[in-house]
S.K.: 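The structure's right below; bear with me while I get my questions together.
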Amino acid sequence: VSTQSTWGIRLIQAEIVSEQVVFVSKSEEEVDLSSLIKDGNPTYFLIKAEDSWVLVSYVPDTCKVRQRMLYASTADHLRKTLGTTNVTTAIHCTDKAELSAESIRQAIQSKKGGSDVDARTRAEIEKDENRKQVVAEGVSKSYVHSVQIAFSEAATVAIKEMTESKVHAIILALEDDKIGLEAKIEEPIKVEELATKITNKEPRFVIFRFEADREEESTTHNVFVYLCPEGCKVKLRMVYSTTKASVISTASDLGLNLDKKLEYGEVSDLTSEGILNSIYPPEVQDSKKFSKPARPGKGKARVTE
């Protein structure tokens, strides 16, 4: 994609196939976008508008949650890959009528220069507007990277039990189009032992009660951890990343106050010392020594709160 118009190309269509964005078609003339889509199938359009390009994401409300999450997360990545100076505007459509030439022109005028990729259905948008929730720092507040997702009954019950101190740790995993309960630990458990129960092949959400012993004072904290191993499939990484904010907000809705929210690239990085240092950061010494940076996914957790 280039801002130069020497090609004469005005439209490019692409879709996600086997976790990759693939070329579908192109046109040198203005085309009715609705004539290029297959009912129920999401797709991307790159439209030449004056001296820049516009990314149009068409994701019908009828798409499965997992598919909507994938297109939402990929749209932002696609725009950044092509260059935000080239693709200056992003538009999200859920209805075929929104793809008319007039609707697209109006959307470009109203959103020119910004990005507003949203994978929620209309019902979810209305629900979120009514709730007026504020998502913690480090998680998208504009839903550019977030999709609402339902919880299984078992996962919902487990979180409620945590609020009543009946459960000390839960491991949540994506099951079909819901967040399901993979494991529930009712007795107090050390972080290192909890880590042995978590897979290192797929992302997971983990919530646990952490006893912090510090200076003869013991405090309890509810810790949320998003684990995303480097070796897992790209599609899974994208799907889990777009549901993280929803998991956090749902836990809060169910009455569970999350004191600390962390991210790790490897299960082996999940340690008691690391959690304690995240809650009570060690004092910084005046004399700093240079240390070799850890490779991505290793070392300290990324604190998202």
Side-chain angles (χ1 to χ4, degrees), residues 14-22 42 44 55 57 59 63-82 84 90 92 115 117-120 135-152 155 170-183 195 197-207 223-251 258 261-270 274 294-305:
E15 295 178 354
I16 298 178
V17 178
S18 300
E19 303 180 16
Q20 292 187 343
V21 178
V22 299
Y44 293 124
L55 175 63
S57 303
V59 187
C63 287
K64 291 184 177 181
V65 173
R66 186 185 291 259
Q67 196 172 31
R68 286 162 46 205
M69 291 187 292
L70 182 60
Y71 268 81
S73 59
T74 304
D76 192 52
H77 175 72
L78 178 60
R79 181 168 176 254
K80 291 177 180 178
T81 300
L82 296 175
T84 54
H92 182 76
S115 176
V117 180
D118 194 332
R120 294 172 293 170
V135 181
E137 181 181 356
V139 180
S140 172
K141 294 181 181 179
S142 60
Y143 279 87
V144 171
H145 299 289
S146 177
V147 171
Q148 291 295 101
I149 187 169
F151 271 51
S152 69
I170 58 175
I171 301 172
L172 303 173
L174 192 64
E175 297 176 356
D176 296 324
D177 290 336
K178 292 184 178 180
I179 293 295
L181 178 67
E182 183 172 82
K197 301 180 182 296
I198 306 170
T199 179
N200 200 33
K201 295 181 180 180
E202 295 183 359
R204 288 293 184 268
F205 299 118
V206 185
I207 304 177
V223 179
F224 170 89
V225 172
Y226 167 46
L227 282 162
C228 188
E230 287 185 23
C232 65
K233 294 181 179 180
V234 175
K235 182 178 180 179
L236 280 175
R237 296 168 67 92
M238 290 182 173
V239 168
Y240 272 83
S241 68
T242 57
T243 59
K244 180 180 66 175
S246 179
V247 173
I248 292 173
S249 62
T250 298
L258 299 175
K261 307 173 188 71
L262 306 170
E263 293 184 17
Y264 286 98
E266 298 293 342
V267 175
S268 58
D269 294 332
L270 186 59
R295 71 178 179 82
K298 292 292 184 181
K300 295 181 179 179
R302 176 188 172 194
V303 180
T304 60
E305 181 189 57

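Just so you know, these numbers use all the heavy atoms, side chains as well, and skip hydrogens, waters and symmetry mates. Along the sequence shown, residues carry numbers from 1.
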S.K.: When you compare the side chain of Ile170 with that of Val206, does any pair of heavy atoms fall below 4.5 Å?
M.R.: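 They are not in contact (no side-chain heavy atoms under 4.5 Å apart), so the answer is no.
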S.K.: Are Lys233 and Glu202 ion-paired here, with the side-chain N under 4.0 Å from a carboxylate O?
M.R.: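 Looking at Lys233 and Glu202, the cut-off is not met.
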S.K.: Distance check, rounded to the nearest 0.5 Å: Lys235 atom NZ versus Thr74 atom OG1?
M.R.: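 The distance works out to 10.0 Å.
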S.K.: Could you tell me whether the side chain of Ser241 and the main chain of Met238 form a donor-acceptor pair under 3.5 Å?
M.R.: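 Indeed, once roles are kept as given, a pair shorter than 3.5 Å links the two residues.
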S.K.: Nearest 0.5 Å please: distance from the CD1 atom of Ile16 over to the CG atom of Leu70.
M.R.: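 CG of Leu70 is found 4.0 Å from CD1 of Ile16.
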S.K.: For Glu175, does the CD atom have more than 12 heavy-atom neighbours from other residues, nucleotides or ligands under 6.0 Å away?
M.R.: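 Enclosed: over 12 neighbouring heavy atoms sit under 6.0 Å from CD of Glu175.
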S.K.: If you round to the nearest 0.5 Å, how far is CZ of Arg237 from OG1 of Thr242?
M.R.: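 Taking OG1 in Thr242 and CZ in Arg237, the distance rounds to 13.0 Å.
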S.K.: Met69 pairs by side-chain contact (heavy atoms from CB on, under 4.5 Å) with which of Asp177, Thr243, Val59?
M.R.: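 Exactly one pass, corresponding to Thr243.
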S.K.: Side chain of Ser152, backbone of Ala155: donor and acceptor closer than 3.5 Å?
M.R.: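 Present.
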S.K.: Test side chain to side chain contact (heavy atoms under 4.5 Å, CB included) on Leu270 and Val225 and set out the steps.
M.R.: CA-CA 9 Å; Leu270 186 59; Val225 172; 4.2 Å; yes
S.K.: Are the side chains of Lys201 and Cys232 in touch, meaning some heavy atoms are under 4.5 Å apart?
M.R.: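 The answer is no, as the side chains (C-beta and beyond) never meet within the 4.5 Å cut-off.
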S.K.: Counting C-beta onward and ignoring hydrogens, is there a side-chain heavy-atom pair between Ile171 and Ile198 closer than 4.5 Å?
M.R.: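 SC-SC contact between Ile171 and Ile198 confirmed.
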S.K.: Does Glu15 form a side chain to side chain contact (heavy atoms under 4.5 Å, CB included) with Tyr71? I'd like the steps, not just the answer.
M.R.: CA-CA 9 Å; Glu15 295 178 354; Tyr71 268 81; 3.9 Å; yes
S.K.: Ignoring hydrogens, what is the shortest heavy-atom contact between Val21 and Ala14? Give both atom names and the distance.
M.R.: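 Shortest heavy-atom contact: CG1-CB, 3.8 Å.
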S.K.: With a 4.5 Å heavy-atom cut-off, do Ile149 and Leu174 have their side chains touching?
M.R.: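 Yes - at least one pair of side-chain heavy atoms lies under 4.5 Å apart.
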S.K.: Apply side-chain hydrogen bond (donor to acceptor under 3.5 Å, both in side chains) to Glu182 and list each qualifying residue two or more places apart in sequence or on a separate chain.
M.R.: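 Residues passing side-chain hydrogen bond (donor to acceptor under 3.5 Å, both in side chains) with Glu182: Arg204.
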S.K.: Could you measure the distance from the CZ atom of Phe151 to the OG1 atom of Thr250? Nearest 0.5 Å is fine.
M.R.: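 If we round to the nearest 0.5 Å, Phe151:CZ and Thr250:OG1 are 4.5 Å apart.
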S.K.: Do Leu258 and Ile248 come within less than 4.5 Å of each other through their side chains, counting heavy atoms only?
M.R.: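 Leu258 reaches Ile248 side chain to side chain.
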S.K.: Taking ring-ring contact (aromatic ring centres under 6.0 Å, His included) as the definition, give me every residue that meets it alongside Phe205, ordered by chain and number, with sequence neighbours left out.
M.R.: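 Phe224, Tyr226, Tyr240.
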S.K.: Run the side chain to side chain contact (heavy atoms under 4.5 Å, CB included) check on Asn200 and Glu266 step by step: do they pass?
M.R.: CA-CA 7 Å; Asn200 200 33; Glu266 298 293 342; 3.2 Å; yes
S.K.: Checking side chain to side chain contact (heavy atoms under 4.5 Å, CB included) for the pair Glu263/Cys228: CA distance, chi angles, key distance, verdict?
M.R.: CA-CA 8 Å; Glu263 293 184 17; Cys228 188; over 6 Å; no
S.K.: How long is the span from the CG atom in Leu82 to the CG atom in Leu55, to the nearest 0.5 Å?
M.R.: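 The CG atom of Leu82 sits 8.0 Å away from the CG atom of Leu55.
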S.K.: Any side-chain to backbone donor/acceptor pair from Ser57 onto Tyr44? Under 3.5 Å, distance only.
M.R.: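 Side chain of Ser57 to backbone of Tyr44, a donor-acceptor pair under 3.5 Å: no, none is there.
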